[in-house]
Amino acid sequence: MNKFEQLGLSESLLKAILDLGFESPTEVQEKAIPLLLEKDTDMVALAQTGTGKTAAFGFPVIQKIDANNRNTQALILSPTRELCLQITNEIKNYSKYEKGINVVAVYGGASITDQARDIKRGAQIIVATPGRMQDMINRGLVNISQINFCILDEADEMLNMGFYEDIVNILSTTPDEKNTWLFSATMPAEVARIGKQFMKDPIEITVGAKNSGSATVSHEFYLVNARDRYEALKRLADANPDIFSVVFCRTKRDTQAVAEKLVEDGYSAAALHGDLSQAQRDGVMKSFRGRQIQMLVATDVAARGIDVDNITHVVNYQLPDEIETYNHRSGRTGRAGKLGTSIVIVTKSELRKISSIERIIKQKFEEKTIPSGIEICEIQLLHLATKIKDVEVDHEIDNYLPAINNVLEDLTKEELIKKMVSVEFNRFINYYKKTRDISNQASGSDRRERDDRDGAQRDSSGGATRYFVNIGSRDNFDWMSLKDYLKETLDLGRDDVFKVDVKEGFSFFNTDPEHTDKVMEVLNNVQLEGRRINVEISKNDGGGRRDHNGRSSGGSSFGGGRSSAPRREGSFAPRREGSGGGFRSDRNSAPREGGFGGRSSAPREGGFGGRSSAPRSEGSSDRAPRRSESFGDSPRPRRPRRD
Ligand code: AMP
């Protein structure tokens with residue numbers, strides 16, 4: 001019996017679960033489903049977004065409603081149109097083997113008459129945003145006087161958005177005997193008030209610690225001068241080639257400006273804020289989901305309800321005014337058990353906010369250093385090498401090979417490799433040579449007292465040996481598991497392996513020099529799942545100082561490096577309405593730079609390593625190199641399989 005069967009779910013739901021590939025229930029599902037199936041009860045569930053709560057209420061609702069009765073029996077309220085559509089979609093997937101169940105989504109910005117018509121045809125479940133629902137009730141287009149279930153999803157978000165009145169009005173038109181299930185990440189006073197007013201002895205369940213961030217999200221901050229904020233953002237993107245992120249700004253204006261700058265600098269970015277039309281927002285979200293956009297620059301309000309899996313990083317370009325909002329932001333990553341990173345770009349004067357946030361999320365931040373230009377060059381270069389190795393050859397190219405061979409026939413293999421990677425490297429090095437180091441680590445009296453749990457900090461220049469090893473996230477390692485693996489394989493102590501930096505096809509780590517011979521000898525003779533491990537000494541010492549966890553905190557001199565470039569596809573950003581509207585899209589245009597890696601617009605996995613990027617005019621620019629490339633595979637390291 002699998003774990004879903006033990007929850008008491010019907011055959012048809014179990015069949016749908018099998019199709020969805022869910023292997024075992026999440027914590028909120030395990031706690032909520034049996035209770036909701038067994039009892040007619042109210043419930044308050046404190047659960048973050050991404051914990052599987054849609055199924056936690058969706059499965060019981062589907063199982064409990066009467067498919068033969070066409071009256072509306074369940075109302076699900078959700079804060080945004082985006083989330084409303086997602087829930088509707090999920091419920092449809094869950095109920096695909098139940099005959100006769102109809103789910104209708106009710107939200108603003110679409111035809112109210114169409115929605116009313118769909119409801120009239122018989123909708124046992126309505127998923128609605130509060131504003132539109134209120135509107136429909138006022139116009140007599142919907143009857144919720146006989147519902148048995150009312151679910152308030154992301155209740156804190158709904159109240160945050162000013163829907164208190166609407167929710168109270170809507171709930172007042174529903175029968176007293178119904179069951180109300182309230183799902184919320186946090187429990188501010190207003191949510192508690194709704195609970196008190198409209199619920200009877202609710203069972204309370206909590207997933208994870210109350211108000212705390214998800215355990216799958218790690219938190220980092222980078223201290224910079226205010227004038228370097230944008231440059232820091234670019235470097236963080238360059239140093240994380242597989243980034244798939246939401247970048248939060250405080251205002252619509254900043255959101256638009258940052259997105260436009262990123263686009264201008266060749267990144268696949270777009271803005272999402274309230275000054276865009278619904279159609280523009282839909283377009284942006286579609287592209288983000290489709291991963292044509294790697295950096296979605298958003299305001300807090302516009303980003304509410306963004307429910308996209310596999311977001312690797314949340315970037316707080318500016319911290320929110322209300323520090324509680326940080327939790328909502330960081331909850332956009334680390335979903336469904338995946339790992340995520342929440343980054344804060346912070347100036348000295350904002351440093352104390354970090355401590356306040358730590359108290360709220362009950363997690364510590366890790367202080368990190370903005371990677372130097374040269375380190376970024378290494379990362380991109382090694383990514384390129386990995387991409388060359390991995391690229392699937394389309395045999396269309398065979399037609400051109402004789403001509404190409406003709407051009408290149410005098411080059412040796414070594415010369416050819418050097419020249420190929422130089423196509424990329426020259427552009428980067430030329431760009432980054434001209435840039436200064438922008439890291440601004442907290443120092444002296446400004447430095448926050450940081451605890452140093454993972455052993456003494458070692459000075460990076462204290463003679464540590466840095467290694468390059470040909471295993472990475474593709475082999476299911478993340479930095480923690482690679483550190484464990486190395487310690488076990490090399491029979492080293494807890495603090496002997498540090499500054500572990502895992503990239504897709506390779507990684508870096510440090511040891512003290514006394515272990516160098518052992519590392520070289522042992523690791524070079526080890527096989528991982530039939531593949532020989534190759535370890536080399538890197539010139540880069542991993543830079544910066546050692547952080548708490550032995551994770552790398554940035555680097556400096558050339559020689560070591562990191563991984564992979566982002567697979568960027570064109571870049572486009574919606575303009576504000578009234579200023580031309582629509583998207584600016586480079587996606588279909590010809591490569592601007594020509595040559596290898598060209599400019600975006602390339603097919604997804606095509607191209608030579610895909611990275612094109614070069615400053616537009618090499619002499620002047622303080623811009624980041626341009627990018628191309630598309631992306632597609634999962635960028636997050638998975639935990640290694642343990643045999
Ligand atoms: P939610 O918190 O409902 O928005 O769910 C977050 C994501 O997790 C969605 O993509 C769900 O499809 C997925 N999900 C929900 N339950 C499970 C499960 N038991 N196993 C794997 N994925 C799940």
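Note that the structure is a prediction, hence the values are computed from the model and not measured. Atom set for the values below is all heavy atoms of this structure, side chains included, hydrogens, waters and symmetry mates excluded. Order of listing sets the numbers, starting from 1, for every ligand and every atom in it.
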Can an N or O of [X] be found at a distance shorter than 3.5 Å from an N or O of ligand 1?
| X | answer |
| --- | --- |
| F4 | no |
| K53 | yes |
| T54 | yes |

Please indicate whether K92 has more than 12 foreign heavy atoms, meaning atoms of other residues, nucleotides or ligands, lying under 6.0 Å from its NZ.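 No, not enclosed.
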One residue to check: [X]. Relative to ligand 1, which of side chain, backbone, both or neither has a non-hydrogen atom less than 4.0 Å away?
| X | result |
| --- | --- |
| F57 | neither |
| A47 | neither |
| Q86 | neither |

Within ligand 1, which atoms have a heavy atom of T26 less than 4.0 Å away?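 Near T26, the atoms of ligand 1 are 17 (C), 18 (C), 19 (N).
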Please could you name the atoms of ligand 1 that S24 approaches to less than 4.0 Å, counting only its heavy atoms?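 Going through ligand 1 atom by atom, the ones under 4.0 Å from S24 are 18 (C), 19 (N), 20 (N).
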List for me each residue that meets side-chain contact (heavy atoms from CB on, under 4.5 Å) alongside A105, sequence neighbours excluded, and say none if there are none.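 Partners of A105 by the side-chain contact (heavy atoms from CB on, under 4.5 Å) criterion, ordered by chain and then number, come out as C84, L85, T88, Y107.
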Ion pair R117/D114, N-O distance below 4.0 Å: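 Here R117 pairs with D114 in a salt bridge, since their nearest N and O are under 4.0 Å apart.
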Short N-O contact, K15 and E11, less than 4.0 angstrom: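 No, this pair does not count.
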What pairs meet the side chain to side chain donor-acceptor pair (under 3.5 Å) rule with one or both residues in residues 32-41, with sequence neighbours excluded?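 Every pair satisfying side chain to side chain donor-acceptor pair (under 3.5 Å) with a residue in residues 32-41: D40-K64.
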G58 heavy atom under 4.0 Å from ligand 1: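 Under 4.0 Å: no for G58.
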Do the ring centers of F57 and F149 come within less than 6.0 Å of each other?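 So the answer is no for these two rings.
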Out of K252, Q256, Q280, which one pairs with H273 under the side-chain hydrogen bond (donor to acceptor under 3.5 Å, both in side chains) rule?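 By the side-chain hydrogen bond (donor to acceptor under 3.5 Å, both in side chains) criterion, H273 pairs with just one of K252, Q256, Q280: Q256.
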